[in-house]
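These notes concern the structure reproduced below.
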Amino acid sequence: MLRWEKIEEGAMLLHSTVISLVPPYSFERLLRRLETHPDPQLFVDTEASTLRRAFRVGTRPVLASLQFAGSTEEPVIRLNTEATLSPAEQQLLEKTVRHMFSADQDLTPVYEHMRQSPEMAVLTERFRGLRFFLDSDLFQSMVKTIIGQQINLAFAASLTQRLLELAGDMMEDTDGRTFMAFPTEEAVARLEPDDLRPLQFSQRKAEYIIDYARAIVNGTIDLDRLWQMEDEEIVAYLTSLRGIGRWTVECLMMFGMGRPDLLPAADIGLRNGLQLVFGLADKPDEKEIRRIGAAWTPWRSLYSLYIWEAVGAVRRKEVWE
DNA sequence: GGCCAGGCTAGCA
DNA sequence: TGCTAGCATGGC
């Protein structure tokens with residue numbers, strides 16, 4: 001399944017690995033989604049079907065390019081990295097990339113389930129091959145989610161960008177492009193709210209993010225434990241921290257962990273999306289969303305993604321057939 | 001200028 | 001348990 005090659009490129013040796021994804025996977029839909037959900041860590045080269053990004057492998061920042069090859073029905077990603085990675089580091093990076101692309105998510109049973117609803121059936125056609133593009137680790141997933149609380153996506157991306165510039169590690173590729181690796185827990189824990197205030201973080205947002213990083217550094221919170229915990233255990237565990245509510249943890253479990261059955265019923269985007277997709281007269285409240293969403297188990301995360309994406313498509317003025 | 005953003009806390013009944 | 005004011009700032 002994995003193929004190794006060495007390619008001479010200028011003075012720099014590259015490792016190239018091929019990663020196969022479970023079909024269908026639509027790179028096109030991912031690119032569309034990134035238009036309305038910008039990721040300041042990604043350099044998107046649409047022409048070359050390539051994403052470039054700085055990863056943190058262990059503690060070390062590493063540049064990698066992810067080139068989409070193949071097709072929706074035979075999806076393949078070519079992962080190019082620096083030659084200086086050890087086999088263990090290379091393996092760790094590949095695991096992260098598979099996670100980010102939800103490489104093993106089989107959409108077949110999800111679509112079968114969604115087709116029971118005419119409104120959702122339309123979305124399975126329109127967004128065929130759309131999957132979660134996950135955060136590379138749980139620390140940054142939570143930080144980005146806290147940043148995203150109650151502000152629009154564009155502003156959230158700006159704030160994330162500024163945090164990267166303040167506390168991340170800068171790298172440069174052979175073409176002179178600069179990339180920022182997400183700040184470490186330690187780097188964020190060392191900050192004070194006054195460092196973030198000039199970047200237009202609210203006082204509270206600054207406190208929440210720094211407190212969260214400190215809780216990890218001092219061992220109050222152990223993110224590795226989450227993988228063994230049930231959804232509701234994770235909610236109870238993390239909402240003990242100030243600034244982290246149910247919505248934030250639900251987003252962490254969806255966008256950080258890739259869990260399939262979360263319903264962030266308080267989410268304003270989901271409320272708008274439900275009204276849009278199901279043609280409701282009024283914007284549904286949290287209780288109403290839980291009532292409607294009960295029928296979506298065990299795929300409530302995927303339903304949410306497709307409903308969010310309907311809002312995104314309208315925002316991008318995509319023609320609705 | 002007013003309303004909306006992929007919320008949370010604290011205070012109160 | 002359930003409701004609400006206040007927070008804080010950009011985008012449209």
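Chain naming here is simple, since letters A, B, ... match the order of the sequence lines and numbering starts at 1 in each.
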On a heavy-atom basis, the closest approach of A181(A) and Q41(A) is C-OE1, 4.5 Å
Sorted by chain and residue number, the side chain to side chain contact (heavy atoms under 4.5 Å, CB included) partners of D224(A) (sequence neighbours excluded) come out as D222(A)
Contacts of E89(A) meeting salt bridge (charged side-chain N to carboxylate O under 4.0 Å, His left out) (sequence neighbours excluded), chain-then-number -> R60(A)
Between D261(A) and S301(A) the two heavy atoms that sit nearest each other are N-OG, 3.2 Å
So ring pair (Phe, Tyr, Trp, His ring centres under 6.0 Å) across residues 202-223 of chain A, not counting sequence neighbours, yields F139(A)-Y212(A)
Separation of dA5(B) atom P from N152(A) atom CG, nearest Å, is 10 Å
### Query
Base, sugar-phosphate, or nothing: which does R162(A) touch, judged by heavy atoms less than 4.0 Å apart?
nothing
Mind checking the P distance from dG11(C) to dC8(B)? Whole angstroms is fine.
22 Å
note: Q150(A), atom CD; dC3(B), atom P; distance rounded to Å ~ 15 Å
Of the candidates dA5(B), dT9(C), dA8(C), the side chain of Q203(A) sits closest to dA8(C)
Tell me what I268(A) touches on the nucleic acid: a base, only sugar-phosphate, or nothing, going by heavy atoms under 4.0 Å. sugar-phosphate
Per-nt protein contacts along nucleotides 8-13 of chain B (heavy atom under 4.0 Å; B base, S backbone sugar-phosphate only, - none) come out as SSS---
The dot-bracket string of DNA chain C, counting Watson-Crick and G-U wobble pairs with both distances under 3.5 Å, using [ ] for crossing pairs and | for pairs to another strand, is |||||||.||||
Using a 4.5 Å side-chain heavy-atom cut-off and chaining through intermediate ILVMFWY residues, the residues clustered with M171(A) come out as F43(A), L63(A), F179(A)
Atom CZ of F201(A) and atom C1' of dA8(C) are separated, to the nearest Å, by 13 Å
Hits for salt bridge (charged side-chain N to carboxylate O under 4.0 Å, His left out) against R204(A), two or more places apart or cross-chain, chain-then-number order -> none
E74(A) meets the side chain to side chain donor-acceptor pair (under 3.5 Å) criterion, sequence neighbours left out, with none
- Task: Using only side-chain N and O atoms of R315(A), determine if any of them is under 4.0 Å from OP1 or OP2 of dA5(B).
- Result: no
Residue set satisfying side chain to side chain donor-acceptor pair (under 3.5 Å) with T220(A), at least two apart, ordered chain then number -> N218(A)
The complete set of side chain to side chain donor-acceptor pair (under 3.5 Å) pairs with one or both residues in residues 159-169 of chain A, sequence neighbours excluded, reads R56(A)-D169(A), Q161(A)-E165(A), R162(A)-Q200(A)
L199(A) CG to dA8(C) P, in whole Å, measures 16 Å
Whole-Å distance, I151(A) CD1 to dA8(C) P, equals 14 Å
note: L238(A), atom CG; dG7(B), atom P; distance rounded to Å ~ 18 Å
Exercise. dC4(B) phosphate, OP1 or OP2: any side-chain N/O from N272(A) under 4.0 angstrom?
Worked result: no
Here the distance between atom P of dC4(B) and atom CZ of R271(A), to the nearest Å, is 11 Å
Atom NZ of K144(A) and atom P of dA5(B) are separated, to the nearest Å, by 22 Å
Sorted by chain and number, sequence neighbours left out, side chain to side chain contact (heavy atoms under 4.5 Å, CB included) with R197(A) holds for D194(A), Q203(A)
Tabulated below should be each protein N or O lying under 3.5 Å from an N or O of nucleotides 1-4 of chain C; please produce it.
none

Check: Is D175(A) paired with R177(A) through a side-chain N to carboxylate O contact shorter than 4.0 Å?
Finding: yes
